[in-house]
Each structure stands twice: as structure tokens, then as C-alpha cells.
Protein chains: 2
Amino acid sequence: MGRWQPDSRGRLQEAALALFAERGFDQTTAAEIAAQAGLTERTFFRHFADKREVLFGGSEVLKDRIVAGVAGAPKSNPPLDAVARGLDAAAGMLGEFRRDLASQRHTVIAANPELRERELAKVGDYAAAVATVLRRRGVGEPQATIAAEAGMTVLRVALERWAGGHDDRGLAVVMNDAMTQLRMVATDS
Amino acid sequence: MGRWQPDSRGRLQEAALALFAERGFDQTTAAEIAAQAGLTERTFFRHFADKREVLFGGSEVLKDRIVAGVAGAPKSNPPLDAVARGLDAAAGMLGEFRRDLASQRHTVIAANPELRERELAKVGDYAAAVATVLRRRGVGEPQATIAAEAGMTVLRVALERWAGGHDDRGLAVVMNDAMTQLRMVATDS
DNA sequence: CCCATGGATGTCAGTTCCAGACATCACCCT
DNA sequence: AGGGTGATGTCTGGAACTGACATCCATGGG
């Protein structure tokens, strides 16, 4: 056994989620999280750029999955269909995750403006990446950005409904549904 | 003349924009902004909840304008058309503003992740307000949220193109254009 | 004309977030 | 055995905020 317990990063994430859920984000200091994980505050900030970031560990992986989904769509697909492939990939990945943890995380984030801000920024980052892929597929501007942003809106709305417990169907279904609603809303006029 | 110079809030906003543009957001302290405006740090934080907020002074007014625009749309308008009315109102208000200041502000925000986060949060707030108005008009969920969020996506994209100098037409035109692109992207499949 | 009140500001002290610089310790490789 | 490496701890300090309290001036009532 090493000098240190394994997976410090994971332990910090677990401790943070537990403490945030228990006392709230503002009432929890980075030092407390670190202590709970058997580490020091300084080490916390070596693993996460700021206190909020500890809740967004899998974000990069998810982005890559989405991007891969979009990139893997048939060349003939119109932009929003390609984006829908990315959403399928996202639903697949998030579906593997434990539902209760996703829900707890969602509750914590929903309760704090700073965390909601960060979440929006993350999804905005996905959108930028997706737009880049779309452009590489020959989609022009502003269509690429609009399709990407609209798609990430669908992701956020579906995730909110699913993790918020307002829709008990599978995430993939909820997301598909939201995409359909977007198409209807945009068409019907 | 009073004990204090008038319009402290406005002076703080001006000073902040100037300093941010000159040295960057991170390299400017709240105390420096306050000093430039002839005030103290404590007073800065009495006017603005945090350092970023000083760049988003007119945000509430803009939200009200958008909401009013949506609420004022003919009852018969489908949701996204009503939202388009809100966007017209926004374009009208932002058009009154000095273009160079809007551009400078946009440059500062674009250069800093924390500021981009805050901007996303603001627009997300508009979306929530618009969704509420739509529901009051009888639009169900998730259509209301989707229409509102899609509309605010159009706002962001158009604003980015306009303030970023990528499109020299009037803001209203750019926004109308973006809305049309959204409809096309969502339809064509 | 004086004084009480209230709003905007200043002063001071304290907490927390976050980062730079450097030390330490176990492990690994040769 | 010894040096290199990576993760962690320690120390220190700046900057973002916040609460408590003092101050000053405009205003209005007496």
C-alpha cells in the first residue's frame, strides 16, 4: 500500500457531494472537504481549479462522447440530426451512472446560483465543440453554432426534467422527446 | 452640490469597463475600480454583489423589456413568434446604446471565462422569465421552456455576431436572420 | 434656527478562496 | 544504494467578499 490512499480525486468528489448535500455549498469550505477526504486544502486546489469544479469531474469525458457522436453521424445527415446523434451518446453515458447520485448532484447544483452558472458554462463549452465539428462537416455559420446551441438546449432541458424527477422515462427517451418538441416549436408558425 | 459626486453606481461602471479593457479583468481589483471612481472598496460591494456584476448593470431592464415584448404579442401567435417579439424589443433597446461601448464590453467579456459564465447566467435568467410568460399564455411544458431557451440562444448568437463585429447590419436584422436560421435548421431534416 | 432622522459612504476586522514557493516522502529504475 | 519523479504537506500572502459600526450631510419638523 502506498503512502497515500488511492484515488484522492475521487475521494474529494465524494466528500464534496456529501458535504454539499448535507450543509449546502456555501456552508462548506474547501478545507473541510479536503479534511473529510484525508487531505489538505492545498491538495484540493491542485486537483480542482476552484471549489465548484469538484462537481464537474466527468465533464470533459462527456464532451468527448458528444463530439464523437456528432462526428460519427452519416455525412448525409442534416446538422440537427447529427447533433441528435451526439445527444444519444450523452444519454448513453449518463445512463450508466447511478441515478440517485445524478439526482443528488442535480439537487445541489439547482440550489446554488454559482453552480448553475458553472453548469451553463460547461454545456456552453460542449456547444462550442459541437459547432466546430459541424463546421468541419461543411456546415456554415451561423447554422453550425445555432444547431449546436439548440442541441445543447435540448440536452439541458431533458437533463433537468430527468434528474429533477419530473419525468420517469429513460434519459434517451426524454431527450428524444425534447428534440421533437424543439422541431415542432420551431416549425409551427 | 451634495457631499458626494452624483451617480456613484454609474461612475463605478465606467471605471470598471475602462480598467478591465486596459489591464484585463483579473489584473484589476475592486479597490482599484473604487479608487478610480473616488470611492472605497466597501462601497463598490454595496452597489454590486460581486466584481463581475459591475458589467451587467442594465440586465434587469433588458429582461423586463424582453418579457414585455413577449407578453405584448398577439394571443394568436405561436410561442416562438411571441418570443421573436421579445427579441425585437431587446434589439430596440440595445440599439439605443452606443455601439463602441457595447463592443468594448463584449470584448472584455469574451476575454474572460468567469465573465462569459455570468453572461450565460443572465441570459438563462431571461429564458426562465420568458418561459413563465409563455406558460401564462397557455403554452405547456416542455414547449414553453424550449421555445424560451431557443429564443435566448438566438439572442446570444446574434449579439455575438453583432457586437463581435462579424456582421455590420443592424442588430434587429442580425437577430431576425438568426431566428430564420434556427427555423431552417430545425425544419430541414 | 435647531435637531432628529435616514440614506449613502467610510473604516476596520475577519473569513474564505485561491496560488506561489518550497519541503517531504514513498516508490521506481538502474 | 542512490537519484529521479510524482503526489502531497506547509507556509505565506493577495484578493474577494461580509458584518458591525462610525460618519457625514440633506431634509423636514418643531
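In what follows, every chain begins at residue 1, and chains take the letters A, B, ... in the order their sequences are listed.
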So [Y] and [X], do their side chains get closer than 4.5 Å, heavy atoms only?
X        : Y        : result
A:Glu149 : B:Leu182 : no
B:Arg183 : B:Leu80  : yes
A:Gln181 : A:Val154 : no
B:Thr145 : B:Leu134 : no

TODO: Looking at every strand, decide which applies to B:Ala31 at a 4.0 Å heavy-atom threshold: base, sugar-phosphate, or nothing.
DONE: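 Since no nucleic acid heavy atom lies under 4.0 Å of B:Ala31, the category is nothing.
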Task: Of the listed nucleotides D:dC17, C:dT11, D:dC11, the one nearest the side chain of B:Arg42 - done: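 Out of D:dC17, C:dT11, D:dC11, the nucleotide with an atom closest to B:Arg42's side chain is C:dT11.
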Integer-rounded Å distance: [N] [atom2] and [X] [atom1]:
X        : N      : atom1 : atom2 : answer
B:Asp50  : D:dA15 : CG    : C1'   : 13 Å
B:Phe20  : D:dA15 : CZ    : P     : 14 Å
B:Leu19  : D:dA15 : CG    : P     : 14 Å
A:Glu114 : C:dC18 : CD    : C1'   : 14 Å
B:Gln27  : C:dA19 : CD    : C1'   : 14 Å
A:Glu41  : D:dG13 : CD    : C1'   : 13 Å
B:Phe44  : C:dG10 : CZ    : C1'   : 17 Å
B:Phe45  : C:dT9  : CZ    : C1'   : 16 Å

Task: B:Phe56 six-ring face occupied by B:Arg105 cation (under 6.0 Å, within 45°) - done: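 Yes - B:Arg105 lies over the ring of B:Phe56, closer than 6.0 Å to its centre and within 45° of its axis.
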- [ ] Report the residue (A:Arg46 or A:Phe25) whose heavy-atom-nearest nucleotide on DNA chain C is the more 5′ of the two.
- [x]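 Result: A:Phe25.
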Would you say [X] places a side-chain N or O within less than 4.0 Å of OP1 or OP2 belonging to [N]?
X       : N      : value
B:Thr40 : C:dG10 : yes
B:His47 : C:dA8  : no
B:Thr29 : D:dA15 : no

